[in-house]
Each structure stands twice: as C-alpha cells, then as structure tokens.
Amino acid sequence: MSWQTSKGFVSPQQRIAKIEAVPVLSGYQTSGAIVKYASKYESSSIAVLTEGSFASDFVLEKDDKNKKMLIDTTVKKDIDKLEEEDTVLKEIQLPEGVLAWGISDGCNEALTQLEEKNVLVFWYNGNWNIVKKDNLKQDYIPIALAEKVINSMKIKDTSSILKGLKKEKLKNMEYASVSAEELAYAMGIKEELYSKWVFHDVVHIMLNTDMYMGPYQLKRMDGTITVTFYTEYKNKNNFGDEYISVEGIQNNAMGAYFMAITEGFKKWNIKNPQKSHGELAGLGEYDIHFVVNIDTINQKKKHTAMINVINTYDKYTKNKQISHVSNTQWKINHVGIMTMYSFFGDNAIENRYTREQYMQVAAHEFGHLLGIGDAYEENGVAKIQPTEEVPMEDIMRGGSVITYNHIEMIFLAALKNEKQYFDSSEAITEGCI
C-alpha cells in the first residue's frame with residue numbers, strides 16, 4: 001500500500017503520475033494500490049498515503065476540467081493545490097512541534113518510521129498528530145496544536161484561553177507546549193471529552209471537539225470507555241391506519257416505549273465483553289469496561305439524536321416498515337435518524353415484537369448510531385461469514401452477542417470520525433470477504 005522504495009515513500013509527484021496514468025473508471029482515477037479508498041468513501045475523492053516528513057493522509061480530488069488529480073485544500077489549508085501545468089507539490093509545512101500528522105489511517109505506519117519512540121499521539125476530530133514528549137510531561141502538546149483545538153470549537157476569544165495556560169518549553173525542544181488536560185479544563189470540556197490511554201507503550205490523548213456539539217460524547221481513560229448519548233423521541237403514530245402494539249408494553253403508553261428503547265441502548269453497558277481475539281487494533285490486550293449513559297435532557301444545548309416511534313400499520317407501505325437508522329454519511333456529530341416500528345415483516349398482526357425483541361432491535365440500531373455497519377446478508381450476499389470474531393449470534397447480525405470487536409469498532413469510529421464496516425474495519429482480523 002505504501003509503495004516503498006530504497007529511499008522510503010514514493011514522492012507525491014510520482015504517485016500522482018501513476019494515478020493519472022490509469023484510465024478513469026466509474027468517475028474515479030485510481031489504481032490497485034489505493035482501490036480500497038475509492039470504494040470505502042464512495043465519492044469522487046480518494047485518500048492516499050503521501051510523503052511529508054514521515055507520513056500523512058491527503059485527499060485527492062479529480063479536476064474534471066483539466067483531467068488531473070488535485071490535492072483538496074479543505075483537508076489542510078497549509079497545502080496549496082498542485083499547479084495545473086507542472087503538478088509541482090509545494091513544500092508541506094507541518095505545525096510547529098509536530099513530527100507527522102494525518103487523517104484517519106496512517107498513524108501506526110508513521111510511528112513505525114520513527115526511530116525515537118518518546119512521542120505522544122494527539123487526536124482531535126479524526127486527525128492524528130505525532131509530537132515529541134518529555135517523560136515527565138505526559139500530555140503536553142505544542143501551542144500550535146492547542147490553537148487548532150480552540151479554533152475547532154469556534155471559540156471567539158482564543159487568546160484568553162491561551163493566556164490562562166501555563167506554557168513550558170520541554171527538554172531539548174524549542175517550541176512552547178501546554179497541558180492538553182489543562183487545555184480541556186480551560187475550554188470547559190474536560191469532563192466530557194478529555195481522553196488518555198496507552199497503546200504499544202505510546203501515550204494517546206484525544207480532544208474530539210466535533211463530538212462536543214454532536215448527539216453523543218465518547219471519553220476513554222485507559223481501559224474505561226464512557227459514552228453519553230442524548231436522545232429526542234417523537235411519536236409518529238399517525239403514520240398509518242391501524243395501531244399495532246408491542247406485546248408486554250404496559251397500557252401502550254409512549255413513555256413505556258421510550259423506556260424500552262433506552263433499556264435496549266443500555267444493553268451495550270457491559271464490563272469485559274465477550275472476547276473474540278487477542279490484541280485489539282485500537283484498545284490493547286487488557287479488559288475494557290464500556291459504560292453507556294442515555295439522557296433526554298439537553299441542558300448544554302447539544303444536538304440530540306432523533307428517534308421516531310411508529311406503532312401504526314399502513315398496508316400500502318408494509319414492505320418498507322422495518323426499524324432502521326437513516327444516514328447518508330455517518331459522522332460523530334451527524335449519526336442519523338432512528339426509526340422504531342412495533343412489528344416486522346409482511347404481516348403486522350402476527351409479527352408484533354415482544355418487549356424483549358423490541359429492546360434487542362433498539363440495541364442493534366444503537367450500534368448504527370455509534371458508527372457500526374450491519375453484519376448480515378444484503379441482497380443475498382453475506383458481508384462477512386460467521387467466525388469466532390463475528391458469530392452468527394452477533395448483535396449486528398440480528399443476534400444478541402456483544403464482543404470486543406463491537407467496542408473497538410465504536411472506539412475507532414469516534415477516533416477516526418469514520419463509520420466502521422465489518423468487511424473493512426481493522427477491528428476485524430479474519431473472515432472478511
């Protein structure tokens with residue numbers, strides 16, 4: 001994938017020349033080395049690992065007018081687009097104190113290029129940044145990164161926050177740094193969003209500010225991952241002509257339906273989920289405690305996840321009536337709209353859910369809200385064959401089993417701001433087809 005040469009990574013100019021030499025296919029210009037990205041994003045953009053100090057991810061977009069692949073300036077404003085005539089890449093300027101940076105994948109590969117492992121990986125909004133660290137200062141980041149985090153929150157008075165932080169020049173470093181934890185405290189997001197963990201002896205810090213104004217927050221402190229999810233329910237019983245209740249819901253009260261859905265969400269609140277394999281790509285080898293808090297009160301005016309509850313039956317649209325999460329492109333601050341029906345299949349009367357089944361369906365849909373795709377068949381084709389990692393009873397296959405893989409996929413989705421699929425996520429180590 002990285003097209004290694006004796007000198008390391010192939011230059012961006014060489015890569016782009018290879019890409020441009022390939023005929024346009026279905027609106028993309030791509031090659032075998034990066035075809036997974038073209039299918040993964042399903043758009044006119046493709047991501048490729050390029051050379052910049054160590055390694056970084058950039059997005060290339062097809063310029064229909066000039067038939068060239070151009071670097072997208074919206075990904076990193078410090079990089080100008082390629083010159084249309086000579087396709088010369090201008091010098092890449094990394095933020096002061098940053099050894100390498102990127103979006104989504106590429107962090108682990110960049111770390112392998114470093115001879116010195118005394119580094120910190122700082123994550124925010126799907127971006128990773130590798131910086132040097134002082135052993136005595138475990139969470140310090142360069143001021144340049146602190147400014148990026150503050151700006152990502154669209155805070156007007158950036159200078160006042162920076163003035164209130166203690167700035168230090170760490171050992172053998174020229175640039176000033178500040179504590180990421182103190183930065184989170186000064187921004188008022190420490191309790192919800194400051195995360196810290198160690199993976200392969202490298203300290204990781206995350207301040208995912210896009211998540212702050214989204215419908216949920218994910219925080220990780222070592223082996224404990226806490227998700228706080230904000231919901232908003234809407235009764236849409238005027239959808240059809242005939243009312244179909246869930247068996248076991250007392251008095252058919254709407255509040256009882258909301259409670260059953262919430263209980264379904266909380267099925268993910270689990271300590272030490274069923275193990276499916278040894279080391280996890282994003283979690284490590286130790287036990288993980290996954291905590292789920294569901295809240296309908298939105299005191300901080302964050303966005304909520306809309307949940308439509310439909311308990312009426314329309315015979316003209318019966319084949320469409322199945323619980324689902326609608327979302328064209330999942331993001332941590334745009335998780336989609338969830339719809340829950342009280343029945344399934346063609347015969348609504350005979351195929352009413354019991355309360356436990358209703359809760360189980362809600363638990364499955366909650367996986368989608370947190371960024372996991374389905375594992376069952378679609379159009380007769382299995383997305384992943386049953387394995388020890390993804391058993392037939394997998395919750396995303398319609399069963400009830402929650403494993404380490406699910407927790408890891410949720411964590412990776414939040415870390416990378418990218419939905420995780422069973423046939424492509426690094427959380428799944430076998431059985432992909």
Side-chain angles (χ1 to χ4, degrees), residues 227 229 231 244-249 257 260-270 273-277 290 292 294 305 307-311 313 317-327 330 335-410 412-413 419-425 427-433:
V227 169
F229 202 92
T231 58
I244 308 295
S245 63
V246 169
E247 295 180 7
I249 297 290
Y257 283 94
I261 293 172
T262 298
E263 288 182 36
F265 289 174
K266 288 187 176 181
K267 285 181 177 289
W268 289 84
N269 192 346
I270 186 169
Q274 176 178 313
K275 294 185 178 181
S276 55
H277 62 293
F290 194 72
V292 173
I294 305 298
I307 301 175
N308 295 323
V309 179
I310 299 176
N311 289 8
Y313 175 69
T317 57
K318 61 182 179 181
N319 292 328
K320 296 181 181 179
Q321 293 176 347
I322 184 171
S323 299
H324 64 279
V325 171
S326 60
N327 194 350
W330 184 92
V335 300
I337 299 174
M338 175 175 158
T339 300
M340 284 290 292
Y341 290 90
S342 57
F343 53 89
F344 61 96
D346 295 337
N347 192 322
I349 300 298
E350 294 182 3
N351 294 330
R352 289 191 299 161
Y353 287 122
T354 65
R355 189 176 189 277
E356 181 59 34
Q357 289 172 332
Y358 193 69
M359 290 166 54
Q360 200 61 50
V361 171
H364 173 96
E365 302 304 339
F366 190 57
H368 290 320
L369 292 176
L370 292 178
I372 307 179
D374 284 316
Y376 52 68
E377 285 189 359
E378 194 169 275
N379 298 324
V381 178
K383 296 184 179 180
I384 183 170
Q385 298 292 351
T387 64
E388 182 182 356
E389 283 192 76
V390 190
M392 186 60 72
E393 304 80 20
D394 190 290
I395 193 168
M396 300 313 293
R397 208 192 289 275
S400 59
V401 174
I402 297 176
T403 72
Y404 265 44
N405 290 104
H406 301 113
I407 307 305
E408 183 179 14
M409 292 173 82
I410 290 170
L412 291 175
K419 190 172 183 177
Q420 299 293 298
Y421 297 95
F422 282 86
D423 59 355
S424 60
S425 176
I428 309 299
T429 61
E430 64 176 348
C432 294
I433 61 172

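Residue numbers count from 1 along this sequence.
At least one donor-acceptor pair under 3.5 Å links the side chain of Ser323 to the backbone N or O of Tyr341. Side chain of His406 to backbone of Thr403: a donor-acceptor contact under 3.5 angstrom is found. Between the side chain of Arg352 and the main chain of Ile244, no donor-acceptor pair closer than 3.5 Å is present. Looking only at distances, no side-chain donor or acceptor of Tyr358 sits under 3.5 Å from a matching main-chain atom of Tyr257. Of the possible polar contacts, one joining the Thr354 side chain to the Gln357 backbone as a donor-acceptor pair under 3.5 Å is found. In this structure, Trp330 contributes its side chain and Gly336 its backbone to no donor-acceptor pair below 3.5 Å.
Residue Val325 comes nearest to Val335 through the heavy atom pair CG1-O, 3.8 Å, listed as atom of the first residue, atom of the second, then distance. Residues Gly398 and His364 share a closest heavy-atom pair of N-ND1, 4.2 Å. Annotation for Gly264 and Ala362: closest pair CA-CB, 4.3 Å, computed over non-hydrogen atoms. Of all the heavy atoms in Lys267 and Ile270, the pair that sits closest is O-CB, 4.4 Å. Between Asp374 and Phe422, the closest heavy-atom pair is O-CD1, 3.5 Å.
By the side chain to side chain donor-acceptor pair (under 3.5 Å) test, Arg355 pairs with Glu263, sequence neighbours left out. Among residues two or more places apart in sequence or in another chain, the ring-ring contact (aromatic ring centres under 6.0 Å, His included) test is passed with Phe229 by Tyr216, Phe366.
One distance of note links CG of Leu412 with CD of Gln420; it measures 5.0 Å at 0.5 Å rounding. Rounded to the nearest 0.5 Å, atoms CG (Asn327) and NZ (Lys419) are 6.5 Å apart. Rounding to the nearest 0.5 angstrom, the gap separating the CE atom in Met359 from the OG1 atom in Thr262 is 10.0 Å.
Side-chain contact between Trp268 and Val227 is absent, with no heavy-atom pair separated by less than 4.5 Å.
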